[in-house]
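Note sheet for the following structure.
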Amino acid sequence: VQLQASGGGLVQAGGSLRLSCAASGGTFSSYAMGWFRQAPGKEREFVAAISWSGGRTYYADSVKGRFTISRDNAKNTVYLQMNSLKPEGTAVYYCAASDELRFYSSSDYQLKDKYDYWGQGTLVTVSS
């Protein structure tokens with residue numbers, strides 16, 4: 001499975017961006033999808049995840065109410081709509097995928113080790 005993230009860029013604090021992640025080479029509709037981010041000098045952290053059907057979504061507390069994850073299984077694409085961006089949101093954003101069967105509880109979706117496939121990342125810079 002190959003994942004290609006796009007949509008990053010420079011935005012002012014309070015602004016919005018929409019990230020996309022296009023998947024190829026696998027059965028997209030059977031995968032749970034996640035977004036993670038890594039700021040300079042910090043560990044990669046969970047941002048949001050969505051189940052195979054889109055029926056369940058999960059968010060880090062730091063982005064809840066501002067970010068929205070969604071997917072279009074017909075287009076093999078997952079999205080991350082980011083509103084009210086903050087400077088601390090500056091990071092490389094990565095999309096990740098794994099078969100839904102690997103996830104047994106809601107907390108599993110936040111674990112990096114549960115995801116088998118990773119995209120190359122897209123840089124988001126939020127200026128103050």
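The structure presented is a predicted model; accordingly, all values stated were derived computationally and were not measured.
- Side-chain atoms of Q38 do not come within 3.5 Å of backbone N or O of A91 as any donor-acceptor pair.
- Smallest separation of non-hydrogen atoms from T90 and V126: OG1-N, 2.9 Å.
- In terms of hydrophobic clustering, with Ile, Leu, Val, Met, Phe, Trp and Tyr side chains grouped at heavy-atom distances under 4.5 Å, Y31 and W52 are assigned to different clusters.
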Could you check T68 against Y59 for side chain to side chain contact (heavy atoms under 4.5 Å, CB included), going step by step and ending with a plain yes or no? CA-CA 8 Å; T68 302; Y59 297 93; 3.8 Å; yes

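- Taking the six-membered ring where the residue is Trp, F103 and Y109 present parallel rings, their angle staying beneath 30° rather than reaching 60°.
- In this structure, the side chains of W118 and R44 come closer than 4.5 Å at one or more pairs of heavy atoms.
- Between L80 and R37, the closest side-chain pair of non-hydrogen atoms is not below 4.5 Å.
- Applying the ring-ring contact (aromatic ring centres under 6.0 Å, His included) criterion to Y93, with sequence neighbours excluded, gives no partner residue.
- Heavy atoms only, all atoms of each residue included: A5 and T122 are closest at CB-CG2, 4.2 Å.
- Salt-bridge formation is detected for the pair R56/E100: a Lys NZ or Arg NE/NH1/NH2 atom is positioned less than 4.0 Å from an Asp or Glu carboxylate oxygen.
- When atom types are taken as modelled, the side chain of T77 and the backbone of A22 share no donor-acceptor pair closer than 3.5 angstrom.
- Partners of N73 according to the side chain to side chain donor-acceptor pair (under 3.5 Å) rule, which considers only residues two or more places apart in sequence or in another chain, are R71.
- Between the side chain of Y58 and the backbone N or O of G34 there is no donor-acceptor pair closer than 3.5 Å.
- Closest of all the heavy-atom pairs between N83 and S16 is OD1-OG, 2.9 Å.
- Cluster membership check: V78 shares its hydrophobic cluster with L17, using side-chain heavy-atom separations under 4.5 Å among Ile, Leu, Val, Met, Phe, Trp and Tyr.
- The distance between the ring centers of F36 and Y115 falls below 6.0 angstrom.
- With sequence neighbours left out, Y117 forms a side chain to side chain donor-acceptor pair (under 3.5 Å) with no residue at all.
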Can you check side-chain hydrogen bond (donor to acceptor under 3.5 Å, both in side chains) on S98 and D116, steps first, answer last? CA-CA 5 Å; S98 204; D116 293 324; 3.1 Å; yes

Test side chain to side chain contact (heavy atoms under 4.5 Å, CB included) on R66 and S84; report intermediate values, then the result. CA-CA 6 Å; R66 299 186 297 117; S84 303; 3.9 Å; yes

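- When every heavy atom of W35 is checked against every heavy atom of S20, the shortest pair comes out as CH2-O, 3.7 Å.
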